[in-house]
J.: 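Pasting a structure here, questions to come.
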There are 2 protein chains.
Amino acid sequence: MPRLKVDIGQVFHALGDPTRRAIVQKVSEGPISVSRLAEPLSITLAAVVQHLQVLEESGLIRTEKLGRVRTCRIEPAGLSAAERWIRDRRSEWERKLDRLGDLLAEP
Amino acid sequence: MPRLKVDIGQVFHALGDPTRRAIVQKVSEGPISVSRLAEPLSITLAAVVQHLQVLEESGLIRTEKLGRVRTCRIEPAGLSAAERWIRDRRSEWERKLDRLGDLLAEP
DNA sequence: GAAATTGTCAAGTGGTTACTTAAGTATTTT
DNA sequence: AAAATACTTAAGTAACCACTTGACAATTTC
């Protein structure tokens, strides 16, 4: 069982590209092969493979080759890490807001 | 009241840079000026200003100039949009997982 | 075993990005 | 009003990025 490390910087960088978001979108709907992923995208298969490398290194997806077909799946830890980073920032901001509210309510 | 539009692509791209994440981190702790933001960062103030432009255009922060000081604050809609995008992908993936579980449980 | 399918690898290219320097503007302090 | 502060703007640069082409390798189908 291969343990993947998740680098939050790589995750956000990976999600910054529209093609890669489209890929994540599709893969999140279920496991899918490289060429089926490439089908609706108007770029070469080679380019799709490069995007997949970025996504896999970031920890957002996992891929496995069986015969001549490489199948891509979501690696939930990647999305979770990004979600957590954002939530942490947002709750810190809300905490500060609350304390400001307290100050205004006090004499 | 200026309505900011949030482009999820710009948001993720903005968060892909470590310096900009450090800035968001700091700004999430409370409103802060540009030069105080620049202080702990080992880059020029001009570079910080450029990062702030990216962050503001993405909808992650909002800035306002009073006198000679520009103050930066979190724009919660930016973080929320990113959080929602991720959550949507993750829950779609979980839905599929559940249905797979159902199939395996059936005859 | 020949042909088709599915992916892989390497090199090149044009555009973008993060950064610097340097010169300038507006505001506050002394 | 001179000096210090807090940015702002523009131009240049080196590194990176998404993409293509083209040649290749492995597997499956006919």
Side-chain angles (χ1 to χ4, degrees), chain A residues 2 7-27 30-75 78 82, chain B residues 2 7-27 30-75 78 82:
Chain A
D7 173 357
I8 198 69
Q10 284 182 299
V11 168
F12 284 132
H13 169 245
L15 292 176
D17 181 88
T19 302
R20 283 194 293 261
R21 278 199 306 284
I23 291 176
V24 169
Q25 160 104 297
K26 201 72 183 155
V27 173
I32 185 170
S33 75
V34 176
S35 45
R36 287 218 36 205
L37 267 177
E39 230 168 59
L41 304 171
S42 48
I43 54 176
T44 61
L45 203 147
V48 173
V49 169
Q50 286 166 14
H51 282 304
L52 288 173
Q53 277 165 8
V54 172
L55 286 168
E56 187 157 23
E57 275 160 32
S58 79
L60 277 167
I61 71 168
R62 180 165 46 94
T63 78
E64 192 184 7
K65 195 161 185 179
L66 250 149
R68 64 182 169 181
V69 174
R70 178 170 296 275
T71 300
C72 312
R73 356 179 140 264
I74 285 285
E75 176 63 52
Chain B
D7 173 357
I8 197 71
Q10 285 182 305
V11 169
F12 283 132
H13 169 245
L15 292 177
D17 181 87
T19 302
R20 283 192 295 258
R21 279 200 306 285
I23 291 175
V24 169
Q25 160 102 285
K26 201 70 182 159
V27 173
I32 186 171
S33 75
V34 177
S35 45
R36 286 216 40 208
L37 268 177
E39 230 167 60
L41 305 171
S42 49
I43 54 177
T44 60
L45 201 147
V48 173
V49 169
Q50 286 166 15
H51 281 303
L52 287 173
Q53 277 164 6
V54 172
L55 286 168
E56 188 157 22
E57 275 160 33
S58 80
L60 276 167
I61 70 167
R62 179 165 47 93
T63 77
E64 191 184 7
K65 195 159 183 178
L66 250 149
R68 64 185 169 179
V69 175
R70 178 171 295 276
T71 301
C72 312
R73 352 180 141 264
I74 284 285
E75 176 63 54

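Just so it is clear: chains get the letters A, B, ... in the order the sequence lines come, proteins before strands, and each one is counted from 1. Only heavy atoms go into these numbers, but all of them, side chains included; no hydrogens, no water, no symmetry mates.
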J.: Taking atom C1' of D/dC7 as reference, at what distance in whole Å does atom CD1 of B/Ile32 sit?
T.: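 From B/Ile32 CD1 to D/dC7 C1': 15 Å.
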J.: Can you check the A/Gln50 CD to D/dG22 P distance for me, whole Å?
T.: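 Checked: the CD to P distance equals 16 Å.
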J.: Once side chain to side chain donor-acceptor pair (under 3.5 Å) is applied, do any residues pair with B/Ser33, and if so which ones, sequence neighbours excluded?
T.: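 With sequence neighbours excluded, B/Ser33 shows a side chain to side chain donor-acceptor pair (under 3.5 Å) to no residue whatsoever.
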J.: Specify the residues of residues 13-20 of chain B, ordered by number, for which at least one heavy atom lies under 4.0 angstrom from an atom of DNA chain C.
T.: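 Output list: B/His13, B/Asp17, B/Thr19, B/Arg20.
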J.: Given A/Val27, which of A/Leu52, A/Leu37, A/Thr71 fulfils the side chain to side chain contact (heavy atoms under 4.5 Å, CB included) condition?
T.: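 That would be A/Leu37.
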J.: Counting only distance, no hydrogens or angles, is the base of C/dT6 paired donor-acceptor with the side chain of A/Arg68 under 3.5 Å?
T.: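 No.
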J.: Report the distance from atom CG of A/Leu55 to atom CD1 of A/Ile61, rounding to the nearest 0.5 Å.
T.: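 Reported value, rounded in 0.5 Å steps: 5.0 Å.
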J.: Just how far is it from atom CZ of A/Arg20 to atom CD of A/Gln50, taken to the nearest 0.5 Å?
T.: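 Rounded to the nearest 0.5 Å, the CZ-CD separation comes to 10.5 Å.
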J.: Does B/Thr44 place a side-chain N or O at less than 4.0 Å from the phosphate oxygens OP1/OP2 of C/dC19?
T.: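 It does not, given that no N or O in the side chain of B/Thr44 lies less than 4.0 Å from OP1 or OP2 of C/dC19.
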J.: Would you tell me if any nitrogen or oxygen in the side chain of B/Arg70 comes within less than 4.0 Å of OP1 or OP2 on D/dT8?
T.: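 Affirmative; the distance criterion is met.
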J.: B/Ala46 has a side chain; which of C/dA22, D/dT27, C/dG7 sits nearest to it?
T.: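 From the listed options, C/dA22 comes nearest.
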J.: Is the closest side-chain donor-acceptor distance between B/Glu56 and B/Thr63 under 3.5 Å?
T.: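 Their side chains do contain a donor-acceptor pair, which is all the 3.5 Å distance test asks for.
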J.: Is any side-chain nitrogen or oxygen of A/Lys65 closer than 4.0 Å to OP1 or OP2 of D/dA26?
T.: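 Answer no for this pair, as no side-chain N or O of A/Lys65 is under 4.0 Å from OP1 or OP2.
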J.: Just checking B/Leu45: base, sugar-phosphate only, or nothing, at a heavy-atom cut-off of under 4.0 Å?
T.: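 Here B/Leu45 touches the bases of the nucleic acid.
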J.: Can you tell me how far CZ of B/Arg21 sits from CG of B/Leu15, rounded to the nearest 0.5 angstrom?
T.: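 The CZ atom of B/Arg21 is 7.5 Å from CG of B/Leu15, to the nearest 0.5 Å.
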J.: Based on the rotation axes of five pairs at each end, what angle does the helix from C/dG1-D/dC30 to C/dT30-D/dA1 bend through, to 10°?
T.: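 Nearest ten degrees gives 20° for this helix.
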